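Reading through the structure tokens given below for one structure.
By convention in this document, chain letters (A, B, ...) are assigned in the order of the sequence lines, proteins followed by strands, and residues within each chain are numbered from 1. All values derive from a computational prediction rather than experimental measurement.
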Amino acid sequence: MKILRLYMKEDSKVKPTPAEEPKVNKKEIIEINLKEEANLSTDDDDDKLVIKDEPSSQDEADEPIQADVSAASSCDYNLSHFKKNESVFSENEESESQTEIKVEVKEEEDSDEDMPLCNRSKLSARVSSNKRKLEDDDDEEDDDIPLAARKKPKIEKKIKKEKKKKRSFDDEEEEEDFKPEKKPKVKKEKDKKKIKKEVSQPESPVKGGRKKKEEEEVEVWKWWEEEKKDEGVKWKFLEHKGPVFAPPYEPLPKSVKFKYNGKVVELSPEAEEVAGFYGKMLDHDYTTKDVFNKNFFKDWRKVMNEEERELITDLQKCDFNQMNAYYKEVSEKNKNRSKEEKKELKEKNEALIKEYGFCIIDGHKEKIGNFRLEPPGLFRGRGEHPKMGKLKKRLNAEDIIINCSQDSNIPKPPSGHKWKEVRHSNTVTWLASWTENVQNQVKYIMLNPSSKLKGEKDWQKYENARRLHKCINKIRDDYQKDWKSKEMKIRQRAVAMYFIDKLALRAGNEKDEDQADTVGCCSLRVEHIELHEKKDDKEYVVVFDFLGKDSIRYYNEVPVEKRVFKNLTLFMENKKGGDDLFDRLNTMILNKHLSDLMPNLTAKVFRTYNASWTLQQQLDKLTNEDDSEAEKILSYNRANRAVAILCNHQRSVPKGHEKSMEKLKEKIDSKRDAIKDAERQVKDAVREAKHGSVKEKFVADKKKKLLQRLKEQLAKLEIQETDRDENKTIALGTSKLNYLDPRISVAWCKKYDVPIEKIYNKTQRDKFRWAIDMAGPEYRF
DNA sequence: ACCCGGACTTGCTTACAGCATA
DNA sequence: TATGCTGTAAGCAAGTCCGGGT
């Protein structure tokens, strides 16, 4: 792998700064800083921020980087796949700096366990208060504004948005080829025949429960044994039935009244439907939020008729209680449906899936991921989303673009309707798409993860990550050197890469004003980190505290290399809390650089790489050949958990966790009692047996066996207990599904003789079929 | 060189089926 | 037989990244 290092000239252009606070040219800042440095740093020549050409390399405190995966309190594995003995960082000697970072999974005042994660502990909005050790200037005026409310001045954004909106309005329909294409009739026949043959799976006779389902599964063909040829073409033939529309609105019974200002008001169906969306959610936290209510009310009024609009002017005066009660009643009724009804419904649903849930792609029948269009409703953004509560409109055929083969049976729109467009683009993988009206984003109907299309990509992803392994040393070396670059941009880039590599941070694209204020690496702001020269007997600690994807809080105290620390100090100089930490960097620049280092390398690959690598290391470390199966699985889960912690995958404490824990404890206690009892019995029996006959001996043996079994059961329960408790705020699913090379798990299962079903459930096995097939016990990531 | 939208992956929550248990 | 629990799938929001147009 050839690695290009670009030492470019300091770019002449200075990033435009917000108008109100004329900022110093970055170059100047460096220089200023250097002067200061020169003055200050008398003793520790260790870390001059060199700007001259030759970097002062020798006396680097070249410490190896450690992945920070230490667990939250309870579990104490201390992994570090970066450790030198793992040979990843072989060039870096010494340094025992055991990094021990607490991933403090929100521990404030026990209170809010039941809320969705993003609503919890609104992140110490005061993260960046004056505690800063290395006092930069003191102008942090917006410390008291909650994070989400802080705005970066972005005027052009507004204009952009306007434009967007306009576009979405006036690009009404422009009809297109909706009549089935006649021309390739012959080919069609042929194709169809072929498909028929492939598709008509042996119809499984109904053989009760599970079995039946298994057999009805889509055919699995070993695409991974086929030769790969890409060229951007995703398929040759694609046929499907089109999406399933949301069921039409059924007006409420007349007895369900809506009241305004205490008086019953009869709503038009349109207004009623939308009111119903709100009424249904009355118990939800959302309806207590200002933004939500405002947005809802505004959009609701839009669908009202003149009269209604005139009358209903204040949400406070609206009474949705009857609607709420009605919906509750309905769902109650649904729960109590009779067996027959349930069965009927199920059959109907299965028939629907059978008809619409599959497509034919290149001669194979494959499951579609989401063949149902999203029903109308109120938008529920996560975190402090400015658009929460807006009305998500009902979709019609006129909104939908169909994508399929020209020579396939083109799906029919509902009678009286026309598709927005039918296109035949085989360079994309979606079957249908539409533009959602709240965020103005395209949404898609795509294939299930078990499909070839998805599987192949998944496989590629992990191969790519494995490729990174081959040059990770070089890359790490490189960015460590770049910490001393004389160019600000490169320094920032290098520090960002370090974060991404070490902490598995996301890239952090820029976001629009009209989205929740969350950040990733490149979009970190000064207010999101705190620097401590010393914290709890650790040196050079960076405290991260910000809201990441889905407004999940990321909190981490990380000891870093001195040079990184100094650089951060430098980056924060003369900035306010709301300013970008890496003002010379964005994801594009970063990814551009990464792709120069290795083809197809992007920020996200590091996450995949580090996750999978961590899993492998952990599995190696935690698994004992002669553990019981349950113990091995616990080890696996622990390894999995380490990854989840690394990637900050959280979840809200499941409802009734407390209760279920208690129950488990009870069970354990009673098991213990049983064991005591059994022990006593065994003792007695043994005594009897000593001078007894064969029969007594037999009894004693039996009792012993029973005791043994009880003990095993107890052990299992205890394992379950720790496992469950350690897991309460950590979500394993995401990493399992998206970050861990399944071949590692498969290999582990094969090596230690654990049935794959214990690790992957049915869906997961489908998704990872390729890996199950591909990897032997010797596979290494 | 940047902006923007399109395409696709990632991530959390919710609803529900199916099972065990009382 | 009703009830409660648990694991799974569905749902959909929110990221990443790329490429085309200007």
Indicate whether OP1 or OP2 belonging to dA13(C) is found under 4.0 Å from a side-chain N or O atom of Q439(A). no

Give the B/S/- string for nucleotides 17-22 of chain C, one per nucleotide from 5' to 3', where a protein heavy atom under 4.0 Å of the base yields B, of only the sugar-phosphate yields S, and otherwise -. BS----

Can you tell me whether the side chain of K762(A) and the base of dT8(C) have a donor-acceptor pair closer than 3.5 Å? no

May I ask you to say what G508(A) touches in the nucleic acid, namely base, sugar-phosphate or nothing, with a heavy-atom cut-off under 4.0 Å? sugar-phosphate

Any ion pair linking R466(A) and E463(A) (charged N to carboxylate O, less than 4.0 Å)? yes

Run the salt-bridge test on D669(A) and K665(A) with the 4.0 Å N-O cut-off and return the result as yes or no. no

Looking at every strand, decide which applies to K342(A) at a 4.0 Å heavy-atom threshold: base, sugar-phosphate, or nothing. nothing

Using the closest heavy atom to pick a nucleotide of DNA chain B for each, name whichever of V442(A) or K454(A) lands nearer the 5' end. V442(A)

Considering only NZ, NE, NH1 and NH2 on the basic side and carboxylate oxygens on the acidic side, decide whether E355(A) and K241(A) come within less than 4.0 Å. yes

Between K328(A) and D283(A), does any side-chain N to carboxylate O distance fall below 4.0 Å? yes

Residue-phosphate contact under 4.0 Å: K659(A) side-chain N/O, dC5(C) OP1/OP2: yes

Does a salt bridge link K390(A) with D514(A), judged by any charged N lying under 4.0 Å from a carboxylate O? no

Does the side chain of K457(A) get closer than 4.0 angstrom to OP1 or OP2 of dC8(B) through an N or O atom? no

